[in-house]
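Structure record follows, encoded as structure tokens.
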Amino acid sequence: MDNDQWNNQCDQRIDELVGKHVPLFQVNNLMLLNAILMLVVVGVGVYAPRYRHHPLIGFIFLGATTLFLPIVSYVASSTGNMVGCSSSLTDLHVIMSCTWGLRVVLVEIWTGLVLITGINTSPIVAADAREGRNSNPPTELFIKAFWLAYLTLSTPGSTYGLLADGAGNLRRVEAVGVVVQLFVIIFAKLLLKFSAFYKARRSFALGRSPRLVAGYMAQLQKLATTPRSHTDDENEQQLDNDAHANTPPALLVLGEDTMNVEEEPHGYSFTKNMVPHQQLGSGAPRTKLVTLQSVWRLPSEGNDMLLRSQHSKDLCFSFALFKLLRCRFANYTASEAGFADTRSFFRDMLLRGDEYERVFRLISDELSFIHDYYYSSLPISYSHHLFPVLSIALSLFTIGYSLYLAQFIIRAILEDNLGFMCLVWCETTAVRPGSNKATVSMGWSYDVGALGLVLAVLLLAETRDIVSYICSNWTKVAVICHYVNQPSSWQQSPAAQKRIGFLLECCRSKLVNSWVDKMNQCSILVLHPRKISIHARNLFRLPNQKNVKVPGAVKEAVFQALKCQTSEQVLEHIRPPSHPIPGENSESSVPVRGGRETAHTILVWHIATSVVEASRPPQPPERRHSIAAIHLSRYCAYLVAFCPELLPGDDVWCRKLYSDVKKDAGRVRAEPETTSHQQLVELLSADPNHEVLKIGARLGKQLTDSATGWEALARFWSEMALYVAPSENLEGHADAIARGGELITLLWTLLAHAGIVSRLDSAAAAAATTSAAAAAASAPADDV
């Protein structure tokens with residue numbers, strides 16, 4: 001056998017032996033699969049937590065968490081073994097001995113980084129038992145951490161194996177230090193999370209807050225109805241008068257854990273000598289409890305930014321309302337979770353001026369607090385003032401470790417210490433004495449690529465955590481309350497005022513804003529369909545239009561409608577929308593159906609709005625009315641199609657009605673482009689069509705012919721949005737909050753704080769209006 005033949009046979013046998021005994025292909029693909037799964041989980045958990053509740057993302061979460069340990073175990077065991085084997089063919093004998101270098105250590109590091117990101121993104125909730133949303137720290141993270149430690153100690157070629165073999169290579173010793181630091185970070189984060197959770201669960205400001213707030217509301221109500229004696233000093237009487245005028249009630253903001261609390265049958269309450277309302281007197285003991293009254297008494301004039309900022313006071317107001325909203329989710333009734341003075345103050349604030357942006361921002365901040373509390377781990381860190389500091393320090397250490405790890409990997413690549421290497425030689429004694437040796441080196445790109453991706457996500461996640469702690473509204477509320485409790489130091493220090501003012505006014509990041517100020521848009525009558533695949537949208541359960549920012553015109557229209565409702569009389573129920581069409585007697589021909597048939601009314605007026613939109617472009621004076629009407633019309637249609645559980649009536653019937661109407665409306669979409677208003681009305685009024693299309697077409701014609709059609713539509717839709725908002729479906733609104741927010745949830749919260757908790761049907765609304773008019777007519781002129 002000549003040299004060429006011998007070399008060819010040797011190469012062929014080497015390839016066969018490597019392919020048979022080295023699981024490189026399986027290992028690389030499993031590493032890539034696990035990397036993709038965990039990157040999706042981490043990316044969604046860090047930057048889009050509301051998508052956790054999407055069915056597809058939930059399936060990926062389940063698959064990733066289920067397959068994580070088996071994949072890691074297989075990869076570690078496969079790469080941890082030295083491969084030694086031989087093969088003989090006639091007179092040719094092939095021997096191979098392989099080592100994975102530092103590849104096993106790379107697998108350990110990669111697994112540890114995924115664990116760290118999992119610890120960062122796992123929501124931990126310390127809620128009251130009545131809320132039913134308690135989420136303990138995930139024990140599977142501890143299991144994964146201990147399993148990784150076991151693999152590190154038991155797998156040949158791992159970190160422990162490098163030490164046990166007495167490896168003197170400096171790079172390998174450095175690798176041991178990298179893995180040890182990794183375990184320090186993992187267990188430090190787990191310990192911090194568990195400590196914060198158990199501290200928060202026992203806290204009256206966090207875990208046990210609903211029971212204390214409900215008891216405290218009862219105490220305030222009792223104090224408000226208790227007649228004052230003539231021996232009260234003038235200072236306390238003056239403070240009471242101010243409270244009814246411009247000062248809010250003494251709602252709890254922060255510091256409940258500094259008070260003496262006693263347990264009662266209904267929950268918890270403050271001891272009699274520690275009720276905050278009684279601390280208004282000059283002889284009351286001073287505590288660190290901060291109420292909304294104490295925040296509101298901060299001077300509104302001065303040189304520092306904090307004192308001049310109304311937003312700081314509104315933020316504390318939102319935080320106090322957030323605690324009341326938690327009581328509603330804990331199944332306390334509206335009267336138990338509220339306070340008459342709170343509703344009165346809220347209504348007075350609504351009716352003063354036209355600050356609709358301020359009111360919507362206040363409710364948005366409140367819902368942002370509730371979203372953070374139920375669906376993230378941020379709030380439990382505020383159970384003690386040291387936890388945020390330790391969390392930031394640990395995140396900074398993790399960032400430093402990640403940068404050091406990156407340069408360690410780069411140096412290992414340059415020194416070729418990562419790849420899979422085999423020493424292979426062929427021997428023959430019959431024809432050719434001696435042997436032929438060769439070294440085979442196989443790639444490390446899969447490992448380093450997966451590790452680099454996870455490392456990049458970890459850096460972004462830790463950076464986001466630091467920004468969250470520094471710029472979150474939770475930190476701002478804590479700083480404001482500490483400022484209130486430090487009259488002799490912080491309030492007298494210009495430097496402290498400047499730093500606090502910068503934090504409150506300038507440190508605003510979209511990364512920490514968990515409430516999405518957007519509204520979905522869905523249209524039945526799509527006269528100009530978009531070129532986006534409807535099948536793709538149906539696959540991901542998305543609306544068939546788009547998601548847009550809530551326009552200011554929508555907020556203004558809803559705000560003005562609410563002012564009209566609350567200014568006429570004090571209501572606990574919302575009236576169904578009116579539908580005046582100037583010049584037409586349409587009330588008998590197109591009735592507004594309330595209660596269980598609200599979806600029918602929504603779809604009728606949605607078709608009518610679409611007809612007006614296609615037939616009559618708004619003039620400049622009508623621009624704001626048209627924006628409000630079109631956006632609210634499409635949003636209400638979206639609620640019927642995708643969130644009927646938040647509407648009155650049966651959700652199955654709502655979905656069926658929408659499906660039937662949309663099916664018939666498809667005939668209109670299939671027609672050529674409509675050239676006139678009359679042709680569009682005729683197409684919709686055809687006999688085979690659903691009655692919703694026919695009634696909507698007739699109503700649309702009336703509104704098109706009216707000079708004030710857009711104004712009438714804007715008024716109707718703003719009243720309809722308010723009418724459908726009250727609901728007892730707490731789970732439905734909790735799911736909406738988890739998705740990032742719904743406009744109807746914001747209106748539901750807004751109405752609840754204004755004292756409106758249910759709806760009136762058409763007959764009851766007419767009777768209430770008649771009764772109110774009669775009472776006004778019989779009242780003395782001065783009273784009116």
Side-chain angles (χ1 to χ4, degrees), residues 354 356 519 521 523-528 548 550-565 567-568 575-594 600-637 665 668 673-685 691-723 762 765-766 769 773:
D354 294 319
Y356 59 88
M519 57 192 305
Q521 302 285 276
S523 182
I524 291 179
L525 195 61
V526 184
L527 300 176
H528 304 286
V548 299
V550 180
V554 170
K555 297 178 181 179
E556 182 180 12
V558 173
F559 182 76
Q560 294 299 333
L562 180 57
K563 285 179 64 175
C564 292
Q565 291 266 5
S567 62
E568 294 177 3
R575 294 193 306 268
S578 58
H579 53 291
I581 304 177
E584 296 285 349
N585 184 17
S586 58
E587 296 192 10
S588 59
S589 60
V590 188
V592 172
R593 303 186 187 181
H600 184 280
T601 300
I602 288 175
L603 296 185
V604 166
W605 282 78
H606 172 70
I607 296 298
T609 306
S610 299
V611 170
V612 176
E613 181 185 3
S615 307
R616 179 186 163 185
Q619 300 300 316
E622 301 173 315
R623 184 65 179 168
R624 293 189 68 82
H625 294 310
S626 67
I627 292 175
I630 292 172
H631 282 79
L632 286 173
S633 168
R634 294 177 179 177
Y635 179 70
C636 289
V668 179
E673 184 176 355
T674 304
T675 57
S676 69
H677 166 227
Q678 186 61 33
Q679 289 178 335
L680 177 59
V681 172
E682 290 175 358
L683 286 172
L684 293 171
S685 302
E691 72 163 347
V692 167
L693 296 177
K694 297 178 181 179
I695 300 174
R698 184 170 72 248
L699 178 59
K701 183 179 184 302
Q702 295 173 355
L703 290 164
T704 302
D705 297 338
S706 172
T708 58
W710 281 118
E711 183 179 356
L713 282 172
R715 177 180 174 184
F716 171 84
W717 282 117
S718 57
E719 292 179 354
M720 175 60 76
L722 292 174
Y723 177 72
S762 300
T769 304

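These numbers come from the heavy atoms of this one structure, side chains and all, not from hydrogens, waters or symmetry mates.
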Q: Test side-chain contact (heavy atoms from CB on, under 4.5 Å) on Val554 and Trp717 and set out the steps.
A: CA-CA 10 Å; Val554 170; Trp717 282 117; over 6 Å; no
(Q) side-chain contact (heavy atoms from CB on, under 4.5 Å), that's the test. Do Met720 and Leu632 meet it? Break it down for me. (A) CA-CA 9 Å; Met720 175 60 76; Leu632 286 173; over 6 Å; no
(Q) To the closest 0.5 Å, what do you measure between CG (Leu699) and CG (Leu713)? (A) 7.5 Å
Q | Distance in Å, Thr601 OG1 paired with Phe716 CZ, rounded so as to fall on 0.5 Å steps | A | 6.0 Å
Q: Using the test side-chain contact (heavy atoms from CB on, under 4.5 Å), find all partners of Glu682 that sit at least two apart in sequence or belong to another chain.
A: Gln678
Q) Can you name the side-chain contact (heavy atoms from CB on, under 4.5 Å) partners of Ser615, sequence neighbours left out? A) Val611, His677, Leu680, Thr704
Q: Decide yes or no on side-chain contact (heavy atoms from CB on, under 4.5 Å) for Ile630 and Trp710, but give the supporting numbers first.
A: CA-CA 9 Å; Ile630 292 172; Trp710 281 118; 3.9 Å; yes
Q | Heavy-atom neighbours of Lys555 NZ exceed 12 at 6.0 Å | A | yes
Q.
Quick one, Ile695 with Arg698, criterion side-chain contact (heavy atoms from CB on, under 4.5 Å). Give me CA distance, side-chain angles, the key distance, then yes/no.
A. CA-CA 5 Å; Ile695 300 174; Arg698 184 170 72 248; 4.1 Å; yes
Q | Gap between atom CG of Leu562 and atom OH of Tyr356 - 0.5 Å precision | A | 15.0 Å
Q) Which distance, rounded to the nearest 0.5 Å, do you find between the CG of Leu684 and the CD1 of Ile607? A) 6.5 Å
Q) Which pair of non-hydrogen atoms, one from Ala553 and one from Ala628, has the smallest distance, and what is that distance? A) O-CB, 3.7 Å
Q. side-chain contact (heavy atoms from CB on, under 4.5 Å) with Ala637: which residues, sequence neighbours excluded?
A. His606
Q. Do Arg623 and Pro620 have side chains that get closer than 4.5 Å, going by heavy atoms?
A. no
(Q) Suppose the criterion is salt bridge (Lys or Arg N to Asp or Glu O under 4.0 Å): which pairs have a residue in residues 604-615, not counting sequence neighbours? (A) Glu613-Arg634
Q: Please identify each residue that fulfils salt bridge (charged side-chain N to carboxylate O under 4.0 Å, His left out) with Glu711, with sequence neighbours left out.
A: none
Q. For the residue pair Met519 and Pro551, what are the closest heavy atoms and their distance?
A. SD-CD, 3.9 Å
**Q.** Where Ala608 and Gly700 come nearest, the two heavy atoms and their spacing
**A.** CB-N, 3.6 Å
Q: Not counting sequence neighbours, which residues clear side-chain hydrogen bond (donor to acceptor under 3.5 Å, both in side chains) with Lys694? List them please.
A: none
Q: Keeping the roles fixed (side chain from Ser706, backbone from Gln702), state whether a donor-acceptor pair exists under 3.5 Å.
A: no
Q: Search all heavy atoms of Pro621 against all heavy atoms of His625 and return the closest pair with its distance.
A: O-CD2, 4.3 Å
